[in-house]
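Notes for the one structure printed next.
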Amino acid sequence: AIQMTQSPSSLSASVGDTVTITCRATQGIRNDLAWYQQKPGEAPKLLIYAASTLQGGVPSRFSGTGSATYFSLTISSLQPEDFATYFCLQDFRYPRTFGQGTKVEIK
Amino acid sequence: DVQVVESGGGLVRRGESLRLSCAASGFTLSGYWMTWFRQAPGKGPEWVGNINRQGTETHYVESVEGRFTITRDNAENSLYLQMNSLTADDTAIYFCARDATECRNSVCYDVHDIWGQGTMVTVSS
């Protein structure tokens with residue numbers, strides 16, 4: 001199975017900061033990567049798919065880039081509602097696999 | 001509203017079975033692949049398996065292969081997850097999700113765009 005290594009596992013930031021989360025795949029996955037946001041007690045919410053395409057309704061402060069084995073999610077100008085856990089998911093090969101998650105906390 | 005709602009979770013003993021349901025509304029189920037995910041307490045999500053539009057093709061994560069079966073009834077707009085020989089490792093919230101297909105530059109992607117709120121399955125040992 002393709003393993004997705006996500007980093008950091010957690011970070012502390014302030015409102016207005018820019019943060020970047022990365023995911024590395026153990027083999028090339030083209031750009032078949034999505035990013036999800038999850039808040040406690042809720043289902044994951046799709047933010048970005050195809051590595052860089054913003055899902056409808058998602059604020060433009062979220063952006064994604066990458067291909068093959070290296071991907072990143074950047075949140076510009078963090079807002080209070082952005083404090084959550086973020087996961088990457090590869091949809092290139094079965095079984096689909098997630099990164100371990102990054103918890104974004106308020107500093 | 002476009003939504004999916006899971007049901008059927010509960011507390012079972014090790015070795016027992018459980019069948020989860022996922023009711024789709026606001027869209028025609030037959031037009032979409034569907035996926036089951038799960039999330040153990042305090043852990044990240046895990047992909048469990050998926051099923052094609054007609055219900056003729058399924059894929060599973062190795063840990064559930066041979067024990068779990070995904071089926072669908074498009075006429076009833078419903079998706080199912082039959083879980084047999086349950087163990088404590090299967091304790092999780094189970095989510096169903098719609099798989100939209102989005103194409104960019106002649107390449108198409110699975111997009112798990114609509115998720116339910118999940119149903120909790122607890123397996124006691």
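Chain letters run A, B, ... following the sequence lines, proteins first and then strands; every chain starts at 1. Any value given below was found using the heavy atoms of this structure, including those in side chains, with hydrogens, waters and symmetry copies removed. On a predicted model such as this, the values are computed, not experimentally measured, just so you know.
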Partner chain A: residue of B/G49, B/G116, B/G118, B/P45 with the largest heavy-atom pair count (under 4.5 Å):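 Among the listed options, the one with the most contacts to chain A is B/P45.
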
Largest heavy-atom contact set with chain A, pairs under 4.5 Å, which of B/H112, B/E102, B/R104: B/H112

Test item: B/S78 side-chain N/O and B/E76 main-chain N/O as donor-acceptor pair under 3.5 Å: yes

Answer with side chain, backbone, both or neither: which region of [X] has an atom nearer than 4.5 Å to a non-hydrogen atom of chain A?
{"X": "B/V48", "answer": "neither"}
{"X": "B/C108", "answer": "backbone"}
{"X": "B/H59", "answer": "side chain"}
{"X": "B/E46", "answer": "backbone"}

Residues A/R93, A/D32: salt bridge by 4.0 Å N-O rule: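 Salt bridge absent between A/R93 and A/D32.
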
B/R38 and B/E6 ion-paired at < 4.0 Å: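 Salt bridge between B/R38 and B/E6, a charged N being under 4.0 Å from a carboxylate O: no.
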
Part of [X] lying under 4.5 Å from any heavy atom of chain B:
{"X": "A/A34", "result": "neither"}
{"X": "A/T85", "result": "neither"}
{"X": "A/Y36", "result": "side chain"}

Steps toward ring-ring contact (aromatic ring centres under 6.0 Å, His included) verdict (B/F37, B/W115): CA-CA 9 Å; B/F37 295 93; B/W115 293 56; 4.3 Å; yes

A/R24 to A/F71, cation-pi by 6.0 Å centre distance and 45° axis angle: no

Check: A/Y94 ring centre within less than 6.0 Å of B/Y60 ring centre: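 Ring centroids of A/Y94 and B/Y60 are no less than 6.0 Å from each other.
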
